[in-house]
Amino acid sequence: MGNSMAKVSASPPPDPAPDPGPPAEKAMEPDKEALVVPGGSCSSSPGLLMEEFVMGDPARLVASMRLAMELAGSSRLFAKLFDLFASDAAFRDALARVRGGGAERLRVVAYGLGGARYSWAPRFRLAVLLLLRDAFPDAVGEVEVVCPTAAPVERRAMEELGCVVTASAQQCRPVHEPTLIFMPYPDRVFFENLLILNWSAEQLGKIVLLGHSFSTMVKVLELSMSKQEKFGVTEQREKAKRVVAIQQYVREIKLCAEIDGLLDSPLWEDDSPDPFQKREHLEDDDSEDCECMHCAARSERYAMISALPSAFSVHLFHLDPDIDMEHLVPGNSTTMVWSRVNVRMNYDTQLAGWHLNPSDAYIEGKDIKEATSIVKEVRTTMLDVRSSSLYRKFVNQLKENPSIVYRISRMLGAHDCMELVIYGLGSFEFDVKSQYQLALALLLKEDEVLPIGDIEIYDPELSPADVRACFDLGIRVLLVNEQCQRSVEKPTLFYVPGLKLGANLLESNFSPKQKMILVSYGFKDSGESISGVIENWNFGSTSIRDSLGLERDRFVWVTKDYIRGVLSMGKSDERLIGISELKLEFLEVDDDMGIYSKLPRLKLKEKVYLNFMREMEYNSFLAFDHVASLRVQLEERISSPFREDRPGYMADDPPLWRHVFCHRLPAKNRTTWSPPPKGWIKLNFHGIGCSKGRPAGIGGILHNDKGQVLSYYAGPVGDVDQIVASAMALEVGLQNIIELHEPVYKLIVEGDDLKVIRCFNGVSSPPKRYSVAFSYIYHDMCLRPTKKPDAEKLPEECNSGKDDDDGSKDDDNSDHRKDKNKDDDGSQGASSESGIPPGWTRREFIAWHVEEAANLATGLAQAGIYLPRFRLHNSAKCKCGHEMDVKSDKPDITWFPHEDEKMGKWTLRATSRILHDSLMRMRRWGRGLKVLMK
């Protein structure tokens, strides 16, 4: 064994080219003497080497790969693999059967290596395969690397080492000859597709798998699927049915953990970092304090991965030639495979390029229906963004700032337009924030803010409904995960709202030749914010165990001085979730400047270790179905307010649910009406704006948890637009609750006006001219009076209202918001520091968007247009017999049949006040009242 491995000894990388500028810190200069080891051997102390950068040089990349081969050759991982191939009799017999009696050599096909330009992890993994080829030339043949993102420098380097490079978007292929397939990650999509394309005993019998433990991947799958199925989510089991079915026929020979097995080479120095620290780094620091659905799902996946041991293994399939594969998994099709964006597609479409062709994608009817709803919401969101002063100010600055205009023109050069590439947006089927970010991206093209041509998008969290919505919105969906490492030489706008992989983008494009604009939360600000940490690192106060994030952050830090022409969305009282803090930035690098001259450097083993850790972090989620995980998180959240086992709360301190319902609810939850859960009251409201000489109309209806109607109302409200009419319909309903139905401890508000619902969930701000009116409505939604107003006994029959204001100011609670005004102005009378006025306490409420067809108040608002005046029917007190079945009957004016003279004095006052106060508040929007929603 020792002689076999000695043959692949290689020289270390050559001296780096002289740096064009002085280093930022002398302590960070590479130890150039240590880079050249006498005799071409690294065995003395390779850990003293400083990290080496390829910088587009194939010779440097080849040298670093040869160094990886020497280090891997003395590692425990390769030693175990060598012994298995050389001396394990049972394995050698099984391998002979795979090779057809030993007559054919194994063709090695490597998937999932990643970019070797920037990371040592793919270099070491390729090194293991090359060592295996060189050690056993009679059994192992040529090595093919399938990498759709392979750069020319990587292709040249790998070809020089005797590899075949296939830059295809194919995720896997049918096997027709004995093949060793290398896959370093627990990639459920890859393995399911591999089984789909080779679902026969004969084909599977020709495969040897080398890579991540198959059994560990299946355990992770089973854990995640068991939780999902508790919430009725079964889609991941469908996507992994062959992986689960075949596990009992897989013989697994465990080697060792990959990082441990590769970094324990005796050629490394003894005082190097402990590779066993890796597990504690899998925690996502960015999500520690975040309670959003995406971060919660991510943290859960981290915990599940960390709980299971990870090992590299060799796998063989042992299947009886006569086994009925159709019985094992019925209905197998070799023409449809799973894509990286969670939809099935024709296998041949992978050969067409990086983009998913809509005609080749198979999307189910329920997802098409969901996509229709998503597109409608995105269009509404675009109107919301376009009408905001924040967006208008941003556009004006972009078009009128001479420096910005010059930079765009210079970047375009002879090109007519730029490409827009969107990374890391998340799923807009589940996340409203993603919808706003997508809306802004679409507006940049639609409003011709920038000369944008094609729009491309990639995110592993895209659902089938997201993909179909992208097709309908004219966005091309990428099939390949580039991990933000696309190098560009033509004008490109990178839209990366999150900075998670932003450093990859900077590293790949830190060149005077790059032509890109960045839209993010601010690379320059991020670089400034970590300056102190980087300086501490330079002086040795940051240990390797804490620098997993810093390994990437240093690229952000070093580029901060080259980010220019920063244009912010600007400061504003307006809230548009996800885009209010976005910035547009230009990366401008001098012709004689290189990123590496100022970049803090690592020791080589530190660099290798962190590269492996980062690759593990990027790819550890491949075993999970992101969409199914998000669906479970959403189901958990929307059911949490109604669970009987939820934690108890004080009556005067109920939980807040706005953070839950700022996420998007699936269309299936919004298309049918149902009574509220036990203990809740539901208010449906609807407003219709005025048009063509007819007034606006409003309507609303209240139900208890038995589905019984408590009251309903309708009427005309004059010359107001849709948003005002919807807000007035809600305000009247809330006033109706306060006057007639208190105490209401738990309230669900349902409306089909997306803008209004989003305002009350804190997603966006109301139009400025209506902000005061909206604050009054929010007050009535989130607060309830502690004492029910004394009321005269209601008549036995229901009543309708007049524009009669007599006595309406006599009631104790008639002007409760005036007290709130005093409190907001700092006057005496506030009950606490929270600003809740005396006599009021918090109410538990949920604001829920529903489709118009599921809103029972729609017909009432239509009837209200034709009523002579506003009318209210108090079903809780009335014995008139006009209770209606709102689920089957269509409201009309006959629902309000009673004469005004039958109305009692108190009900007349209450009804008139509800309408009158609502109208007055809508007209008093100009007054300077603090908005409660802040």
Side-chain angles (χ1 to χ4, degrees), residues 229-233 293 631-686 700-713 730 733-752 757 760-761 780-788 840-851 853-857 860 873-878 883-889:
E229 288 166 357
K230 292 179 182 177
F231 291 87
V233 179
M293 183 174 67
R631 210 177 297 285
V632 168
Q633 284 293 324
L634 185 61
E635 291 292 336
E636 279 188 306
R637 286 174 177 251
I638 63 178
S639 64
S640 57
F642 315 120
R643 290 203 303 260
E644 295 183 1
D645 61 343
R646 76 177 202 181
Y649 297 92
M650 300 295 291
D652 59 349
D653 188 26
L656 299 174
W657 299 112
R658 281 173 56 172
H659 70 285
V660 172
F661 291 90
C662 68
H663 293 293
R664 180 185 179 273
L665 299 178
K668 69 175 185 178
N669 294 71
R670 300 183 278 113
T671 53
T672 57
W673 185 89
S674 61
K678 183 179 180 180
W680 291 76
I681 299 294
K682 179 179 285 190
L683 167 62
N684 287 88
F685 70 94
H686 184 73
I701 186 167
L702 278 134
H703 289 83
N704 63 16
D705 54 9
K706 296 181 177 63
Q708 297 169 335
V709 177
L710 301 180
S711 63
Y712 57 90
Y713 55 90
L730 177 55
L734 295 170
Q735 278 291 291
N736 183 14
I737 291 173
I738 292 171
E739 302 288 0
L740 303 179
H741 304 296
E742 292 290 8
V744 173
Y745 299 98
K746 300 178 180 181
L747 175 65
I748 296 174
V749 170
E750 283 188 352
D752 54 77
I757 294 295
F760 293 117
N761 279 328
D780 288 342
M781 192 184 305
C782 68
L783 299 180
R784 62 177 178 83
T786 54
K787 292 184 179 180
K788 190 173 181 179
W840 294 82
T841 190
R842 282 174 49 197
R843 187 201 313 275
E844 187 174 351
F845 79 92
I846 291 169
W848 196 315
H849 174 243
V850 296
E851 300 295 334
N855 189 356
L856 301 185
L860 287 165
H873 181 285
N874 185 1
S875 305
K877 296 292 184 179
C878 178
E883 194 69 45
M884 72 282 194
D885 180 4
V886 294
K887 288 181 286 188
S888 58
D889 293 347

K.L.:
Kindly give the heavy-atom pair with the smallest separation between S711 and N736, and that separation in Å.
P.N.:
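In this case the closest contact between S711 and N736 is OG-ND2, 2.7 Å.
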K.L.:
Would you compute the distance between atom CZ of F845 and atom CG of D780 and round it to the nearest 0.5 angstrom?
P.N.:
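Reported to 0.5 Å precision, the distance equals 11.5 Å.
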K.L.:
Please list, chain by chain and in numerical order, all residues satisfying side chain to side chain donor-acceptor pair (under 3.5 Å) with E635, sequence neighbours excluded.
P.N.:
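Partners of E635 by the side chain to side chain donor-acceptor pair (under 3.5 Å) criterion come out as none, since no residue qualifies.
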K.L.:
Quick one: pull up CD1 in I737 and CG in L702 and give me the separation to the nearest 0.5 Å.
P.N.:
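Output value for this atom pair is 4.5 Å.
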K.L.:
Which pairs with one or both residues in residues 675-685 pass salt bridge (charged side-chain N to carboxylate O under 4.0 Å, His left out), sequence neighbours excluded?
P.N.:
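Qualifying pairs: K682-E750.
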K.L.:
For the CD1 atom of I638 and the CD atom of E636, what is their distance to the nearest 0.5 Å?
P.N.:
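Taking CD1 in I638 and CD in E636, the distance rounds to 11.0 Å.
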K.L.:
Which heavy atom of S640 sits nearest a heavy atom of W657, and at what distance?
P.N.:
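Smallest interatomic distance, heavy atoms only, reads OG-CZ3, 3.5 Å.
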K.L.:
Of all residues at least two apart in sequence or in a different chain, which pass the side chain to side chain donor-acceptor pair (under 3.5 Å) check with E851?
P.N.:
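With sequence neighbours excluded, E851 shows a side chain to side chain donor-acceptor pair (under 3.5 Å) to S373, R670, given in chain and number order.
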K.L.:
Give the minimum heavy-atom separation between W848 and I757, together with the two atoms involved.
P.N.:
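Closest approach of W848 to I757, heavy atoms only: O-CD1, 3.8 Å.
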K.L.:
Does R784 reach the main-chain N or O of E742 with its side chain, forming a donor-acceptor pair under 3.5 Å?
P.N.:
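Not at all, since once roles are kept as given, no pair shorter than 3.5 Å links the two residues.
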K.L.:
How close do A847 and N761 get, heavy atom to heavy atom, and via which atoms?
P.N.:
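Distance-wise, the nearest heavy atoms are O-ND2, 3.0 Å.
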K.L.:
Mind running side chain to side chain contact (heavy atoms under 4.5 Å, CB included) on K746 and I681 for me, showing each step along the way?
P.N.:
CA-CA 6 Å; K746 300 178 180 181; I681 299 294; over 6 Å; no
K.L.:
Which atom names give the shortest non-hydrogen contact between Y713 and L860, and what distance separates them?
P.N.:
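Residues Y713 and L860, closest heavy atoms: O-CB, 4.0 Å.
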K.L.:
What class does the angle between the rings of F642 and W680 fall in, given that below 30° is parallel, 30 to 60° is tilted and above 60° is perpendicular?
P.N.:
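If you compare the ring of F642 with that of W680, the planes turn out perpendicular.
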K.L.:
To the nearest 0.5 Å, what is the distance between CG (L747) and CE (M781)?
P.N.:
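Between L747 CG and M781 CE, I get 7.5 Å after rounding to 0.5 Å.
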K.L.:
Would you check, one step at a time, whether the test side chain to side chain contact (heavy atoms under 4.5 Å, CB included) holds for L665 with H849?
P.N.:
CA-CA 8 Å; L665 299 178; H849 174 243; over 6 Å; no
K.L.:
Enter the distance from H703:NE2 to W673:CH2 here, rounded to the nearest 0.5 Å.
P.N.:
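H703 NE2 to W673 CH2: 4.0 Å, rounded to 0.5 Å.
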K.L.:
Just to verify, what does D752 make a side chain to side chain donor-acceptor pair (under 3.5 Å) with, not counting sequence neighbours?
P.N.:
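Here the qualifying residues are H686, N855.
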K.L.:
Roughly how far, to the nearest 0.5 Å, is the CG atom of L683 from the CD1 atom of I748?
P.N.:
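Between I748 CD1 and L683 CG, I get 10.5 Å after rounding to 0.5 Å.
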K.L.:
Please assess N874 against H741 for the test side chain to side chain contact (heavy atoms under 4.5 Å, CB included), listing each intermediate value before the final yes or no.
P.N.:
CA-CA 10 Å; N874 185 1; H741 304 296; 3.8 Å; yes
